[in-house]
Amino acid sequence: MNIRFLGGAGEVGRSAILINEELLIDYGIKPADPPVYPLNGLRPRSMILSHGHLDHCGLAPNLMDLEPDIYSTTMTARLCALLARDTLRISESKGHIVPYYNEEIQEFERRVQKVDYRQEFETNGYQACLYNAGHIPGSSSVYLEKDEQSMLYTGDINTLQTELQSGADAKHPESDILLIESTYFDRNHTPRKILEERFIESVKETIDNGGKAVISAFSIGRTQEIMLILKKHGIDAYVDGMGVDVFNLIKRSPDSVRDIKRLEKAFTGSNIVKPEERREIIQEPVVIVTSAGMLNGGPVLYYISRIYNDPRSKIHLTGYQVEGTNGRRALESGYIEDRGDIIRLNCGIELYDFSAHCGDTQLKELVKKFCDNGTETVLPVHGDNTAGFANWIKEEIGVDSTAPVNGETIYI
């Protein structure tokens, strides 16, 4: 088996992995302004998408001229199409390279074949199966087998239960090769109970002081998780942006979340904001959950324009902020850019990383479990320190491990 890494090897973002020059797993865009695309020049016969985040599926419609077979869960297929239309809209409005057109998005929707977890399928001579990755609704780990050689790609994975998700499948088939994400290698998350308490305390303090709490959240997974947390603690919040569209998609696939009825109670007709209501809502102390999660667009920029000079108000970031995004600039330098203007933030800004990835402890447990079951080669991907993870695997577990770089082909 040869595995070519076109993106997401020694970095976080734009995952694209080509197996034997014929089967592509993921084809993502790195969120930035402008976006960063994977390496070019591939012509796969089939494609499997692990989940509906831009950095894993954002470029998929670009390949429709090749007429590939495409596979994903139902939820992932719907999220990919939603993101593709948003990407096209943003690209056209900002003058970025347009990666595909509406016709190609429609062709993607026609071609994608929806499969359930643990449903075996065949594509181009590969036996394949998807397993729940516990990351976002519809997220998958991908198992492949061909010519008596097997591989499992974790995708973005979370083995711990959250308010929204139940956690990844505990059992996977034995595999010779493991491609494991490593976003949080060498870093453990703050225990969720402590993180929630700090977050809720800050939100309440902001409102009690007469400020506005603008909670910036990724539309897919994070917005729904934050709304559940706020509801659990008795905080009424408005919700604005694409996260509402994602909630409506989740309602069509209720088994993709832990408890659809709880989620429906968090999203009510009275707390979903229409664009014409934004000006009125932001007048008084209020809690608003809105996109985009890295402050690079969406309704959050409108709300920031109303609170940026108010020291009583706060921007609450709820996830990892990629280098080059407004969120990273706000944390490191105290400003953001909006349509060419520099906005200095006199309001508060805080980060609460409600991550949907495994932390260091869970990543190491996963590797140990796979190697105990016969895995002989481990390739850490999708992280800023994949080389460190590979060295740990070799030294502590004693199996072959290599940290690939973008553009590299590894033969096994």
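Computation of the quantities below employed the complete heavy-atom set of this structure, encompassing side-chain atoms and omitting hydrogens, waters and symmetry-equivalent molecules.
Looking at Ser141, its side chain does come within 3.5 Å of a backbone N or O of Thr154 through a donor-acceptor pair. Checked by atom type and distance alone, the side chain of Asn158 pairs as donor or acceptor with a backbone atom of Leu160 at under 3.5 Å. For Thr409 (side chain) and Arg4 (main-chain N/O), no donor-acceptor pair under 3.5 Å exists by modelled atom type. Between the side chain of Ser313 and the backbone N or O of Lys212 there is at least one donor-acceptor pair closer than 3.5 Å. In this structure a side-chain-to-backbone donor-acceptor pair under 3.5 Å is present from Ser256 to Ser253.
Crowding of Arg118 atom CZ: a count of heavy atoms from other residues, nucleotides or ligands under 6.0 Å exceeding 12. For OH of Tyr238, the number of neighbouring non-hydrogen atoms (other residues, nucleotides, ligands) closer than 6.0 Å is 12 at most. Heavy-atom contacts from other residues, nucleotides or ligands closer than 6.0 Å to CG of Asp236 number 12 or fewer. At most 12 non-hydrogen atoms from other residues, nucleotides or ligands lie less than 6.0 angstrom from OH of Tyr308. When the shell of 6.0 Å around CD of Glu276 is examined, it contains more than 12 heavy atoms from other residues, nucleotides or ligands. Remark: Glu323 CD is loosely packed, at most 12 non-hydrogen atoms of other residues, nucleotides or ligands lying under 6.0 Å away. For Ile342, the CD1 atom is densely surrounded, since the number of other residues' heavy atoms within 6.0 Å is greater than 12. Within 6.0 Å of CZ in Arg279 there are 12 or fewer heavy atoms belonging to other residues, nucleotides or ligands.
Between Lys394 and Asp400, none of the side-chain N atoms (NZ, or NE/NH1/NH2) sits under 4.0 Å from a carboxylate O, so this pair counts as no salt bridge. Here Glu205 pairs with Lys314 in a salt bridge; the nearest charged N to carboxylate O distance falls below 4.0 Å. Taking a cutoff of 4.0 Å between a charged side-chain nitrogen and a carboxylate oxygen, Lys369 and Asp372 do not qualify as a salt bridge. Comment: Asp259 does not engage Lys261 in a salt bridge, judged by the lack of any side-chain N to carboxylate O separation of less than 4.0 angstrom. Lys251 has no carboxylate O lying under 4.0 Å from a charged side-chain N of Glu264, or vice versa, which leaves the two without a salt bridge. In this structure, Arg78 does not pair ionically with Glu109, as no charged nitrogen and carboxylate oxygen lie closer than 4.0 Å. A salt bridge is defined here as a Lys NZ or Arg NE, NH1 or NH2 lying under 4.0 Å from an Asp or Glu carboxylate O, and Glu107 with Arg110 meets this definition.
Ring geometry, Phe247 versus Phe267: the interplanar angle falls under 30°, so the pair is classed parallel (tilted spans 30 to 60°). His51 and His53 have perpendicular rings, their planes meeting at more than 60° on a 0 to 90° scale where under 30° would count as parallel.
Contact annotation: the side chain of Pro68 never approaches that of Ser46 to less than 4.5 Å [non-hydrogen atoms, C-beta and beyond].
Partner of Val378 under the side chain to side chain contact (heavy atoms under 4.5 Å, CB included) criterion, out of Thr402, Leu366, Ile177, Ile393: Ile393 alone. In summary, of the residues considered (Lys231, Arg192, Arg262, Arg222), a salt bridge (charged side-chain N to carboxylate O under 4.0 Å, His left out) with Glu163 occurs for Arg262 alone. Across Thr87, Leu83, Leu88, a single residue satisfies side chain to side chain contact (heavy atoms under 4.5 Å, CB included) together with Ile105, and that is Leu88. Just one of Thr361, Asp360, Asp353 meets the side-chain hydrogen bond (donor to acceptor under 3.5 Å, both in side chains) condition when paired with Tyr184; it is Asp353.
In this structure, Tyr303 OH and Ile307 CD1 are separated by 11.0 Å, a value rounded to the nearest 0.5 Å. For the atom pair CD1 (Ile25) and OG (Ser140), the distance works out to 11.0 Å, reported to the nearest 0.5 Å.
For His357 and His189, the gap between ring centers reaches or exceeds 6.0 Å. Between Tyr143 and Tyr153, the ring center distance fails the sub-6.0 Å criterion. Under the 6.0 Å cut-off for aromatic ring centres, Tyr71 and Phe121 qualify, their centroids lying closer than that. Taking the six-membered ring for Trp and the full ring otherwise, His172 and Phe370 have centroids separated by under 6.0 Å.
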